[in-house]
Amino acid sequence: MGFLVQKLLPTLHPEQRLGVVGSGTALYSRQGAWDGSCALHCAAMALATLGLLHDPSCLRSYTEGAEAEFWDRAWPHYLHGVTMSELSGVLAELRWGLRTATAEGPHETVAYFCERELSEGWPVVVSLRQSDESLCRAALAIGLEGRTRGHHFKPNTMLMLDPDESERRLMTHNARLAYDQPDLPGQARYITAYDRHTVVLEGALSIRTART
């Protein structure tokens with residue numbers, strides 16, 4: 001049977017609230033009920049995992065520094081949201097030396113891209129929709145779950161921070177995206193504390209920094 005294993009991005013620090021190593025602030029940033037800013041919240045959390053933002057949940061309270069700079073680029077898109085390509089443009093405007101990579105196409109292609117990027121230590125903003133709806137939403141993939149057989153790790157689930165869900169204390173994630181499901185070809189099972197949906201992955205954007 002092997003062992004069930006969860007592997008988080010290496011910069012994350014689980015305690016009562018999920019945070020980033022070396023930072024005393026919480027990582028989670030929640031979306032409002034009236035806005036379309038899920039991808040922007042995901043980007044802010046992703047930048048925090050990369051050490052570029054200190055306090056992603058309180059951007060508007062900063063008048064200078066990285067938080068204020070990100071908010072200046074993000075607020076024009078706050079109500080209506082951004083596509084993955086538009087989000088890549090917002091990040092490029094920061095001139096922080098970020099490199100983004102995107103994936104679109106079949107569900108399996110996007111899932112493999114996310115798995116590869118997470119395995120290399122990069123946060124991934126995932127665009128998904130319920131199988132019976134056309135509206136897409138975004139959540140941030142921060143880790144992988146799967147089983148080990150000997151020294152081999154076979155992931156089948158992404159650990160997610162969903163800005164549309166409530167923060168879960170004493171946990172590292174508030175949603176799970178089970179993307180390798182034999183009974184759901186071309187689809188995934190998306191599980192939160194109160195709901196379970198069948199979803200399709202529409203696209204993804206990983207955010208990278210230059211490493212020494």
Side-chain angles (χ1 to χ4, degrees), residues 9 11-12 18 20 23 25-105 107 110 113-114 117-118 122-130 133-142 158 160-167 173-175 177 190 192 197 199-210:
L9 295 175
T11 57
L12 296 185
L18 182 66
V20 179
S23 172
T25 58
L27 175 65
Y28 179 72
S29 179
R30 187 170 188 183
Q31 179 184 5
W34 284 15
D35 62 74
S37 63
C38 51
L40 297 170
H41 282 273
C42 290
M45 291 187 287
L47 293 173
T49 71
L50 297 172
L52 298 172
L53 290 180
H54 174 72
D55 192 2
S57 64
C58 297
L59 295 178
R60 291 185 60 189
S61 64
Y62 289 82
T63 58
E64 59 184 15
E67 280 77 8
E69 188 175 352
F70 179 80
W71 176 247
D72 284 344
R73 302 300 191 283
W75 76 262
H77 307 279
Y78 193 80
L79 290 179
H80 56 80
V82 292
T83 64
M84 294 295 101
S85 60
E86 289 170 338
L87 179 58
S88 181
V90 170
L91 295 173
E93 290 174 3
L94 293 170
R95 302 186 185 279
W96 290 354
L98 297 170
R99 295 182 295 118
T100 57
T102 58
E104 294 179 342
H107 169 90
V110 178
F113 169 85
C114 295
E117 295 296 306
L118 288 166
W122 305 120
V124 184
V125 182
V126 182
S127 175
L128 54 94
R129 62 174 176 83
Q130 292 187 36
E133 295 183 359
S134 60
L135 182 65
C136 289
R137 53 191 297 235
L140 180 67
I142 59 167
M158 289 181 238
M160 313 294 291
L161 284 181
D162 189 331
D164 194 40
E165 296 289 328
S166 59
E167 182 183 14
H173 55 282
N174 62 1
L177 190 129
Y190 195 69
T192 67
H197 301 292
V199 300
V200 177
L201 302 183
E202 291 287 326
L205 178 144
S206 75
I207 305 174
R208 309 170 179 175
T209 58

Which value, rounded to the nearest 0.5 Å, describes the distance between [X] atom [atom1] and [Y] atom [atom2]?
X      : Y      : atom1 : atom2 : answer
Met84  : Thr102 : CE    : OG1   : 9.5 Å
Leu128 : His197 : CG    : NE2   : 10.0 Å
Leu87  : Ile207 : CG    : CD1   : 6.0 Å
Trp122 : Thr49  : CH2   : OG1   : 9.5 Å
Leu118 : Met158 : CG    : CE    : 7.0 Å
Leu52  : Leu94  : CG    : CG    : 9.0 Å

Can you see which heavy atom on [X] is nearest to which on [Y], and at what distance?
X      : Y      : answer
Val124 : Ser206 : CG2-CB, 4.0 Å
Asp164 : Arg137 : CB-NH2, 3.3 Å
His54  : Thr25  : O-OG1, 2.5 Å
Leu205 : Leu91  : CD2-CD1, 4.2 Å

Query raised in the report: Tyr78 pairs by ring-ring contact (aromatic ring centres under 6.0 Å, His included) with which of Phe70, Trp34, Trp71?
Result: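 The single option meeting the ring-ring contact (aromatic ring centres under 6.0 Å, His included) with Tyr78 is Trp71.
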Mind checking side chain to side chain contact (heavy atoms under 4.5 Å, CB included) for [X] and listing every partner two or more places apart, or none if nothing turns up?
X      : answer
Ala138 : Cys38, Ala39, Cys42, Val125
Cys136 : Ser127, Arg129, Glu202
Ser29  : His41, Met45, Ser57
Ala92  : none

Not counting sequence neighbours, which residues clear side chain to side chain donor-acceptor pair (under 3.5 Å) with [X]? List them please.
X      : answer
Ser88  : Thr100
Trp75  : none
Tyr190 : Asp162

Query raised in the report: Are any side-chain N or O atoms of Glu86 and backbone N or O atoms of Thr83, one a donor and one an acceptor, separated by less than 3.5 Å?
Result: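 Such a contact is found between Glu86 side chain and Thr83 backbone.
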Report task. Would you check if the side chain of Glu67 reaches a backbone N or O of Cys58 as a donor-acceptor pair within less than 3.5 Å? Result ->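 Side chain of Glu67 to backbone of Cys58: no pair is present.
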Query raised in the report: So does Glu69 have more than 12 non-hydrogen atoms from other groups sitting under 6.0 Å from CD?
Result: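 Above 12, so yes.
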Requested in this report: Quick one: which residue pairs count as a salt bridge (charged side-chain N to carboxylate O under 4.0 Å, His left out) with a foot in residues 27-56, not counting sequence neighbours?
Outcome: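 Qualifying pairs, neighbours excluded: none.
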Query raised in the report: Do any pairs count as a salt bridge (charged side-chain N to carboxylate O under 4.0 Å, His left out) and have a residue in residues 71-84, sequence neighbours left out, and if so which ones?
Result: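 Applying salt bridge (charged side-chain N to carboxylate O under 4.0 Å, His left out) to every pair that reaches into residues 71-84, excluding sequence neighbours, yields Arg73-Glu93.
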Query - For Glu167, salt bridge (Lys or Arg N to Asp or Glu O under 4.0 Å) partners two or more places apart - result: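 Once residues adjacent in sequence are excluded, the partners of Glu167 under the salt bridge (Lys or Arg N to Asp or Glu O under 4.0 Å) criterion are Arg17, Arg169.
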Query raised in the report: Any side-chain heavy-atom pair from Val126 and Leu140 closer than 4.5 angstrom?
Result: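 No - every pair of side-chain heavy atoms lies 4.5 Å or more apart.
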Query raised in the report: Leu47 versus Pro56: any side-chain heavy-atom pair under 4.5 Å?
Result: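 Not touching, per the 4.5 Å side-chain cut-off.
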